[in-house]
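Worksheet for the structure shown next.
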Amino acid sequence: MEEFSLETISIIDAPNFVNQKVKIGVWLTDKRSSGKIAFLQLRDGTAFFQGVVLKNAVDESTFDVAKHLRQESSFWITGEIHEDTRSKFGYEIQVASIEVIGESEEYPITPKDHGIDFLLDHRHLWLRSSRPHAILTIRNEVIRATYEFFNREGFTKIDAPILTGNAPEGTTDLFHTEYFDHDAYLSQSGQLYEEAGAMAFDKVFSFGPTFRAEKSKTRRHLIEFWMIEPEMAFMHQEDSLAVQEQYVAFLVQNVIDHCASSLATLDRDPELLRKYTKTPYPRISYDQAIDMLQKAGMDVKWGDDFGSPEETYLADQFEQPVFILNYPKAIKPFYMKPHPTREDIVICADLLAPEGYGEIIGGSERATDYNYLLEQIKLAGLDPKDYEWYLDLRRYGSVPHSGFGLGLERFLTWVTGEDHVRETIPFPRLLNRIYP
RNA sequence: UGCCCCGUAGUUCAGUGGUAGAAUAAUUGACUGUUAAUCAAGAGGUCGUAGGUUCGAACCCUACCGGGGCAGCCA
C-alpha cells in the first residue's frame, strides 16, 4: 500500500482496519524484546494494545530504535493491523516504521507496585495508567448519561454560582475568600439556587464543583467534589424518589452498555451491576431503620444520625440501593418540608448504595411556607437578611417542590468498585493535598 | 480534630543495639510470541528532620515534619 493512502487512526478503531496499513500516534507503556522480536505495549489515549516488531521485517535501525524505546516516549508508528487472539485487546499492529516524537527518561511510574502517596504526588502522570484511565472513562460516561437523562426528561441545566455570600447548610465549614470588600465563600451546594431555577424553569439541574473545608480524612470524603443537583417544581417527594431511582438505574445501565472494557480493566462484574438497574428500589423509614439496627444489636437510639457502620449494615440487608425515608428534623437542614402529621421528622430520603458504599443521594421535599422557613433560618442561627432572596421564592407563588443531590465521586466509587473516592476524580483535593 | 500505623536504593519492602539488604526499575549483554517475560553483569544509600541515651543507633527515648487507616462531619 502506498504511503499517501496511509490513514491515521486511533487504537480504539483498530478493529475496523484489519489487514490495512495505518499510522497511529502512541506512547510506550511497556516493552519486552528478544533478539529478533520486540513487543511494544502501546497506548494512544483511546485504548491500549501492542505492537510487534519483527527483526526480519524491518530495517536494522528501526529494530534498534524499537529495542531502545523507553517507557512513555511518544512516537508515530506505522504498520498493519492484525487480528490476533494472543493479544489481550484482540488486535495488534505489525510494525513497519517508528518515528520518535518525544523522548522519555526515567519515567517514575513503573509497571510494578507503588504506594498511594507516591501515586498521588504523580497524579498528572498516573492518569496515563490503565486503571485511572478506565475509572475516568466511566466518569465521563456518567456525566454524558446525566445530561442525556435530564435533557430527555425535560430538565433545564441552570448553573449555580461557585462564589456565594451565604452558607446553605450553615453548620459545615466553608472555604472563605474575599469578594472585593465583602466576605465570600466557595459553594458547598447549589441547591438553593436550583430552587430559584425550578420556579422559573419547572425542572432544572446543576452539575458543578462543591467545596467543604471539613477536616475529613476518610475514603468517602474529598475537599472538592462534584454534585448533580436536580430540583423539580410541582413535585412531591414520592415522584422525586421515582426520578432518583430511574436516574441511578439509567446511569448504571449506560456504564454497562458503554464501558465494558473499562469495567473489565477494573475487574468490576457487569452482572452484579445489572442488579442495580432494576427499579423500584426498596424504601424503609428512618424509624424502621433504627428498629433494624437495634435488633442487630447496634448501639443507636432514635434521633441519632447513621455512621458508616450503620449505613453499611442497612445497605447490606438489600440487593439494590435502598432509600431511608424521613429522618428526624433535628439532624437535617432547615429547608426540608416538615412531616404533615409528625413534628419530629421531615420529608426526605437518603439513598444508600449496596456493598458498603453508603450514601450516594440526599434529597427532600422542600419547605414551602414562608413563616415556617423564616423561623427555621433563625433557629439554625443564620441571618435572615442573607436569605431574603430565598424567602422570596415562598413569597411569590410558592409551590410544592422537591430535589436531591447526587455525589458524583461517591456514585463512581460504587459503580467502579473502587475503595476510595480519590480515585474517581482527575485531581483529588484531599486534606493537606493540593498538588498537583 | 481524636485514636492507631508507617517514613530505609528511583519504586515496593526486609532489617528491633555491632560492616546497609532483597526484589524490581534504570544501564549493558543473550534470547522469534512476550503479556509482572526469562537469564547474566555491573551500578545504585545524608536509613524523614533535630536533639538525647549508649563504647556503638536504621533500631531505644523526645519533639517536629510528611503520609496512610479508622472515627466524627457529610455527598
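Below, all heavy atoms of this structure are taken into account, side chains as well, without hydrogens, waters or symmetry copies.
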Apply ring pair (Phe, Tyr, Trp, His ring centres under 6.0 Å) to A:Tyr327 and list each qualifying residue two or more places apart in sequence or on a separate chain.
A:Tyr286, A:Phe306
Scan for salt bridge (charged side-chain N to carboxylate O under 4.0 Å, His left out) pairs involving [range], sequence neighbours excluded, and state none if there are none.
| range | value |
| --- | --- |
| residues 33-51 of chain A | A:Arg43-A:Glu72 |
| residues 402-411 of chain A | A:Arg139-A:Glu409 |
| residues 75-88 of chain A | A:Asp84-A:Arg86 |
| residues 414-429 of chain A | A:Arg131-A:Glu418 |

Stacked cation flag A:Arg123 on A:Tyr435, 6.0 angstrom / 45 deg
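No; the conditions do not both hold, so A:Arg123 does not lie above the ring face of A:Tyr435.
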Taking [atom1] from [X] and [atom2] from [N], how many angstroms apart are they, rounded to a whole number?
| X | N | atom1 | atom2 | value |
| --- | --- | --- | --- | --- |
| A:Glu72 | B:A26 | CD | P | 12 Å |
| A:Gln71 | B:A36 | CD | C1' | 13 Å |
| A:Asp304 | B:C74 | CG | P | 12 Å |
| A:Glu311 | B:C74 | CD | P | 11 Å |
| A:Lys112 | B:A22 | NZ | C1' | 14 Å |
| A:Tyr327 | B:A75 | OH | P | 11 Å |
| A:Phe118 | B:U11 | CZ | P | 6 Å |
| A:Met336 | B:C74 | CE | P | 11 Å |

Give every donor-acceptor pair under 3.5 Å between a side-chain atom in residues 97-108 of chain A and any protein atom, sequence neighbours left out.
residue, atom, partner, partner atom, Å
A:Ser97, OG, A:Thr78, OG1, 2.5
A:Ser104, OG, A:Gln71, O, 2.7
A:Tyr107, OH, A:Leu125, O, 3.1

Under 3.5 Å, N/O pairs linking protein and nucleotides 29-32 of chain B:
residue, atom, partner, partner atom, Å
B:C31, N3, A:Ser33, O, 3.3
B:C31, N4, A:Ser33, O, 3.3
B:U32, OP2, A:Lys36, N, 3.4
B:U32, O4, A:Asn56, ND2, 2.7

If you look only at pairs with a residue in residues 50-89 of chain A, which of them pass as a ring pair (Phe, Tyr, Trp, His ring centres under 6.0 Å), with sequence neighbours excluded?
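The answer is A:Phe49-A:Phe89.
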Using salt bridge (charged side-chain N to carboxylate O under 4.0 Å, His left out) as the criterion, list what pairs up with A:Asp117, not counting sequence neighbours.
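With sequence neighbours excluded, A:Asp117 shows a salt bridge (charged side-chain N to carboxylate O under 4.0 Å, His left out) to A:Arg433, given in chain and number order.
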For A:Asp304, what residues pass the salt bridge (charged side-chain N to carboxylate O under 4.0 Å, His left out) criterion, not counting sequence neighbours?
A:Lys301
Residues touching RNA chain B, which here means a heavy atom under 4.0 Å, drawn from residues 91-110 of chain A
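The answer is A:Glu92, A:Glu106, A:Thr110.
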Under 4.0 Å between any heavy atoms, over every strand shown, what does A:His114 touch: base, sugar-phosphate, or nothing? Just pick one.
sugar-phosphate
Sugar-phosphate only, base, or nothing, as touched by A:Leu222 at under 4.0 Å among non-hydrogen atoms:
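It contacts base atoms.
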Does any nucleotide pair with [N] by Watson-Crick or G-U wobble geometry, both distances under 3.5 Å, and what is it?
| N | answer |
| --- | --- |
| B:A40 | B:U28 |
| B:A50 | B:U62 |
| B:A71 | B:U1 |

Please assess A:Gln41 against A:Gln50 for the test side-chain hydrogen bond (donor to acceptor under 3.5 Å, both in side chains), listing each intermediate value before the final yes or no.
CA-CA 4 Å; A:Gln41 306 305 319; A:Gln50 76 173 0; 2.9 Å; yes
With the six-membered base ring of B:A75 as reference, does the ring of A:Phe225 sit under 5.5 Å away with planes under 30° apart?
yes
OP1 or OP2 of B:A37 less than 4.0 angstrom from a side-chain nitrogen or oxygen of A:Arg32, does that happen here?
yes
Distances under 3.5 Å between protein N/O atoms and the N/O atoms of nucleotides 63-70 of chain B, please, pair by pair.
residue, atom, partner, partner atom, Å
B:G67, OP1, A:Asn432, O, 3.2
B:G69, OP1, A:Arg422, NH1, 3.0
B:G69, OP1, A:Arg422, NH2, 3.1
B:G69, O6, A:Lys217, NZ, 3.3
B:C70, OP1, A:Arg219, NE, 2.4
B:C70, OP1, A:Arg219, NH2, 2.2

